[in-house]
Amino acid sequence: MNGLTARRPATKVLLWALLVVTVVLYAFPFLYLLLTSFKNPFETLAVPPQILPSEWTFANYVSALERSGVVASFINSTTTAVISTALSLVLAIPAAYAITRFRTRSGQLLSMTALITRMVPPVAVGVPLTSMIAALSLTDTPTGLAIAHTTISLPLSILLMASFFEAVPAEIEEAAKVDGCSRLRALWSVVMPVVSGGVAVTAIFAFLASWNEFLFATLLTSVRAQTTPIMIANFQTQFGLDWGPMTALATLYSVPVIILTIFLQRRIVAGLTLGAVKG
């Protein structure tokens, strides 16, 4: 017993050390990005790199926001991500519910197809998808890009929502039917409030899939619907990448996602817990 008791503090210290190392590895790139956005042009190109700026300046942020098209790209990114997220949820919720409640062969096939689709690299469908969007006259529009982004987020959304619906006991719906609810009413009034955390998790992943997407944005937009990732990639001068404004815009682009995650933190935790524990 004494040996086990003596090992517990050592184990706890080791776990905390691993946690700190993991957090540092994940947080350092963003922290360096943030610090670089406050450096002057000479310090952004310094070799070896200088971690902290010697003189803090907001000039990079001013320069980034003054660039033509930057504000419009933020609007395009937001519009595209919202439309894509809404489409993913509207299609994924009934599909996942049908898969988990009816358990038909077609439902199993749909679930397997969603899983296989997740394994297909986006570049493989980029060219045919571009042709389809062009045929619909939606090239260089947020709607066309949102449809393309939905092809990325929808398979994962179906799989996530299926796991959340699976965790809800069918007896809850049976009780609602006894009280006179139809299946659709039971889904909306009884099941959906229970899986609201799962919906938040799915919405976050769908939003991020669109918010960070680069390939389809490159193929399907040129001027009017250009998103911020494309705008960031275009921060170049005759001498190379304009690191100061580029990192400033990248930092600003990260803020909405961070705020959204913090705002939905409780629902995300509740949703992940719901998907992990059945019954």
Side-chain angles (χ1 to χ4, degrees), residues 80-126 128-129 132 145-179 181-213 215-216 257 260-261 263-279:
T80 301
V82 169
I83 295 175
S84 177
T85 302
L87 285 175
S88 296
L89 291 178
V90 167
L91 296 174
I93 289 174
Y97 180 79
I99 289 172
T100 57
R101 289 299 184 260
F102 298 116
R103 300 186 182 280
T104 61
R105 290 187 177 180
S106 59
Q108 295 176 355
L109 180 61
L110 176 61
S111 180
M112 184 62 65
T113 302
L115 180 61
I116 294 174
T117 304
R118 284 292 302 170
M119 301 177 184
V120 177
V123 68
V125 297
L129 189 59
M132 294 171 61
L145 184 57
I147 293 174
H149 287 176
T150 304
T151 64
I152 300 174
S153 59
L154 182 59
L156 179 60
S157 298
I158 293 176
L159 294 174
L160 285 174
M161 288 306 306
S163 70
F164 297 134
F165 283 130
E166 189 73 30
V168 179
E171 290 77 10
I172 295 179
E173 294 175 71
E174 296 299 330
K177 291 179 183 178
V178 171
D179 291 336
C181 289
S182 63
R183 182 177 290 275
L184 184 60
R185 179 65 182 273
L187 169 63
W188 180 256
S189 301
V190 179
V191 179
M192 289 304 295
V194 176
V195 299
S196 60
V199 174
V201 172
T202 305
I204 284 286
F205 278 102
F207 188 89
L208 289 177
S210 176
W211 188 257
N212 297 325
E213 202 279 328
L215 176 63
F216 289 163
V257 176
L260 183 63
T261 304
F263 181 74
L264 296 176
Q265 182 179 6
R266 290 186 178 180
R267 289 188 174 272
I268 292 172
V269 173
L272 292 176
T273 304
L274 175 66
V277 180
K278 183 178 179 180

(message) Between Ser153 and Ser84, is the side chain to side chain contact (heavy atoms under 4.5 Å, CB included) condition met? List the steps.
(response) CA-CA 8 Å; Ser153 59; Ser84 177; 3.8 Å; yes

(message) Please enumerate all residues that pass ring pair (Phe, Tyr, Trp, His ring centres under 6.0 Å) together with Phe216, with sequence neighbours excluded.
(response) none

(message) To the nearest 0.5 Å, what is the distance between CG on Leu145 and OG on Ser210?
(response) 6.5 Å

(request) Please list, chain by chain and in numerical order, all residues satisfying side-chain hydrogen bond (donor to acceptor under 3.5 Å, both in side chains) with Thr261, sequence neighbours excluded. (result) none

(message) Test of understanding: with side-chain contact (heavy atoms from CB on, under 4.5 Å), list the residues that count as partners of Leu160, not counting sequence neighbours.
(response) Leu156, Phe164, Thr202, Phe205

(request) Could you tell me which non-hydrogen atom of Ile158 sits nearest to which non-hydrogen atom of Ala96, and how far apart they are? (result) O-CB, 3.6 Å

(request) Taking all non-hydrogen atoms of both residues into account, name the closest pair between Ser189 and Pro193 and its distance. (result) O-CG, 3.4 Å

(message) Using 0.5 Å steps for rounding, measure from the CE atom of Met161 to the CG atom of Leu154.
(response) 12.0 Å

(request) Determine the minimum heavy-atom distance between Thr113 and Thr117, stating which atoms define it. (result) O-OG1, 2.6 Å

(request) Tell me, please, which residues at least two apart from Val90 pass side-chain contact (heavy atoms from CB on, under 4.5 Å). (result) none

(request) For Ser157, check side-chain hydrogen bond (donor to acceptor under 3.5 Å, both in side chains) against everything at least two apart and list the hits. (result) none

(request) List for me each residue that meets side-chain contact (heavy atoms from CB on, under 4.5 Å) alongside Arg183, sequence neighbours excluded, and say none if there are none. (result) Tyr97, Arg101, Phe102, Glu173, Lys177

(request) Could I get the full list of side-chain contact (heavy atoms from CB on, under 4.5 Å) partners for Ser182, not counting sequence neighbours? (result) Leu184, Arg185

(request) Using the test side-chain hydrogen bond (donor to acceptor under 3.5 Å, both in side chains), find all partners of Thr80 that sit at least two apart in sequence or belong to another chain. (result) none

Could you list the donor-acceptor pairs under 3.5 angstrom formed between side-chain atoms of residues 104-112 and any protein atom two or more places apart in sequence or on another chain?
unit_1, atom_1, unit_2, atom_2, d
Thr104, OG1, Ser106, OG, 3.0
Thr104, OG1, Gly107, N, 3.1

(request) Only counting residues at least two apart or in another chain, list the ones meeting side-chain hydrogen bond (donor to acceptor under 3.5 Å, both in side chains) with Thr85. (result) none

(message) Quick check: closest heavy atoms across Val120 and Ala124, and the distance to 0.1 Å?
(response) CG1-CB, 4.0 Å

(request) Supply the atom-to-atom distance Cys181 SG to Leu187 CG, rounded to the nearest 0.5 angstrom. (result) 11.0 Å

(request) Indicate the atoms forming the closest heavy-atom contact of Thr150 with Ser88, along with that distance. (result) CG2-OG, 3.8 Å

